[in-house]
Amino acid sequence: MSEIRLVVQGDDLGMCRAVNEGIEQAFTDGILTQTSVMAPTPWFGEGAAMAKRQGIATGLHLTFTCEWDYLRWGPLSQAASLRDADGLFHRTVEAAAEGRAEDGIVEANAQIDRAQAAGLNLTYVDPHMGVSITPAYEAACERLGVKFMYDNINPHHEWDSPVIWLSLMSRRDRGAQLAAVLEQLGPGTHMVMAHPATDTEELRGLTPTDAQNYFWAQPTRIADLEALCAPEVRKVIESRNIELIAARDI
């Protein structure tokens with residue numbers, strides 16, 4: 001076993017086809033080791049099938065929000081408190097946090113049921129956009145017998161350095177920036193969080209280009225995919241003998 005171990009996560013599997021394609025490419029051509037699946041989303045079926053076909057480790061991206069203007073999804077359950085005025089999920093974590101704990105737990109179980117029915121083995125739990133209904137994440141972890149990926153819910157994974165938020169690095173030369181961070185990692189187990197996607201009209205059409213959250217659409221996701229597949233990143237992984245693992249390996 002290497003002294004340096006690295007979990008590389010791609011979020012939002014199932015959100016749209018560009019994300020599914022980006023996660024697959026980041027796994028086959030890059031350093032991605034696991035993906036977080038969103039069971040209520042429109043392209044969940046394709047994403048789940050791809051993850052199974054490729055053998056990508058999956059976790060439950062427990063979803064209580066839908067942030068986009070033009071791509072919308074809602075609860076799998078009938079829980080009224082989880083719905084915005086349009087009947088679908090709230091657009092912000094703050095609004096979602098007003099939902100009833102009981103509704104959140106019911107919805108969490110529905111999302112687990114759908115993922116498992118698609119043949120996925122869920123090996124961790126994490127949140128979409130941020131933690132909102134705490135009891136729901138706790139209930140999901142308890143039911144699955146797994147840990148939360150971040151330290152704001154118990155039980156959770158422990159990392160030997162702060163999480164490396166690839167998506168928040170400058171878009172310019174993001175691969176070089178990631179390589180530089182990996183060069184500095186000490187012994188232990190570390191985590192990279194990313195949002196890879198392919199550059200498509202679908203991705204650019206999620207929300208208006210002047211919307212505040214457009215940053216999380218095409219700009220961030222294309223740069224993340226490029227960084228995860230960058231030759232300089234692979235070079236550091238190999239030269240430092242960094243072991244690429246998933247949460248299921250811990």
Side-chain angles (χ1 to χ4, degrees), residues 1-13 19-38 47 50-52 54-61 120-128 141 144 146-153 155-198 216 220-250:
M1 185 176 72
S2 172
E3 287 188 348
I4 307 173
R5 308 174 82 200
L6 185 66
V7 175
V8 184
Q9 178 172 303
D11 281 2
D12 299 346
L13 184 71
V19 167
N20 292 347
E21 291 173 344
I23 288 170
E24 182 172 27
Q25 186 176 333
F27 179 75
T28 59
D29 301 343
I31 65 168
L32 184 139
T33 63
Q34 67 181 32
T35 184
S36 298
V37 63
M38 303 172 75
M50 180 277 292
K52 286 178 58 183
Q54 294 288 1
I56 307 176
T58 57
L60 180 68
H61 205 47
L120 296 178
N121 177 30
L122 302 171
T123 56
Y124 63 87
V125 175
D126 70 355
H128 179 56
C141 289
L144 293 169
V146 301
K147 294 181 179 180
F148 203 70
M149 288 299 289
Y150 308 107
D151 62 7
N152 41 8
I153 296 292
H156 60 262
H157 285 284
E158 300 279 356
W159 310 110
D160 292 303
S161 66
V163 172
I164 302 165
W165 298 91
L166 182 64
S167 302
L168 297 180
M169 293 181 183
S170 169
R171 288 179 60 198
R172 189 172 185 177
D173 298 326
R174 192 170 286 179
Q177 294 176 72
L178 177 58
V181 171
L182 298 182
E183 281 280 16
Q184 300 302 315
L185 289 181
T189 303
H190 312 273
M191 179 190 172
V192 173
M193 192 282 295
H195 295 83
T198 54
W216 289 103
T220 286
R221 295 173 191 264
I222 303 311
D224 275 10
L225 177 58
E226 291 173 349
L228 294 175
C229 297
E232 59 265 43
V233 171
R234 175 62 68 178
K235 183 178 179 180
V236 174
I237 295 290
E238 294 175 354
S239 67
R240 301 204 66 207
N241 192 31
I242 296 174
E243 182 181 2
L244 295 174
I245 64 168
R248 67 185 178 188
D249 303 316
I250 300 173

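This chain uses plain numbering: 1 for the first residue, then up along the sequence. Note: hydrogens, waters and symmetry copies are ignored here, and every other heavy atom, side chains too, is used.
- Within the 3.5 Å criterion, the main-chain N or O of V8 finds a donor-acceptor partner in the side chain of T33.
- Annotation for V19 and D12: closest pair CG1-O, 3.2 Å, computed over non-hydrogen atoms.
- To the nearest 0.5 angstrom, I237 atom CD1 is 4.0 Å from I242 atom CD1.
- Residues L13 and N20 meet the side-chain proximity criterion, which asks for heavy atoms closer than 4.5 Å.
- From L168, atom CG reaches atom CH2 of W216 across 4.5 Å, with rounding to the nearest 0.5 Å.
- Under the 4.5 Å side-chain criterion, counting only non-hydrogen atoms from C-beta, L166 is in contact with L228.
- A donor-acceptor distance shorter than 3.5 angstrom exists from the side chain of R174 to the backbone of M169, with no hydrogens or angles considered.
- For the residue pair T28/Q54, the side-chain donor-acceptor check at 3.5 Å is not satisfied.
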Can you give the donor-acceptor pairs under 3.5 Å from side chains of residues 187-196 to other protein atoms, not counting sequence neighbours?
from	atom 1	to	atom 2	distance (Å)
H190	ND1	S161	OG	2.7
H190	NE2	G186	O	2.8
H195	ND1	S167	OG	2.8

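- With respect to Y124, the side chain to side chain contact (heavy atoms under 4.5 Å, CB included) criterion is satisfied by exactly one of K147, H61, Q9, H156: Q9.
- Pairs engaging residues 230-250 under the side chain to side chain donor-acceptor pair (under 3.5 Å) rule: none recorded [sequence neighbours left out].
- Residues A179 and V233 approach most closely at N-CG2, 4.1 Å, considering heavy atoms.
- Using modelled atom types, no side-chain atom of R171 and backbone atom of T220 make a donor-acceptor pair closer than 3.5 Å.
- L122 has its side chain out of reach of V146: every pair of non-hydrogen atoms, C-beta onward, lies at least 4.5 Å apart.
- Side-chain contact check for I56 versus M50: some heavy-atom pair is nearer than 4.5 Å.
- What you find for L225 and A197 is that their closest heavy atoms are CD2-O, 3.4 Å.
- A 4.5 Å side-chain heavy-atom check between L185 and I164 finds at least one atom pair inside the cut-off.
- Atoms CG and CG, from D173 and L178 in turn, are 12.5 Å apart once rounded to the nearest 0.5 Å.
- Using a 4.5 Å cut-off on side-chain heavy atoms (C-beta onward), I222 and E226 make contact.
- At a threshold of 4.5 Å between non-hydrogen side-chain atoms, the residues L120 and K52 count as touching.
- Side chains of T58 and N121 form no contact here, defined as non-hydrogen atoms less than 4.5 Å apart.
- Smallest separation of non-hydrogen atoms from D126 and F148: CA-CE1, 3.6 Å.
- Note that CD1 of I250 and NE2 of H157 are 5.0 Å apart. Values are rounded to the nearest 0.5 Å.
- Of the inter-residue distances, the one linking Q34 atom CD with F27 atom CZ reads 11.0 Å to the nearest 0.5 angstrom.
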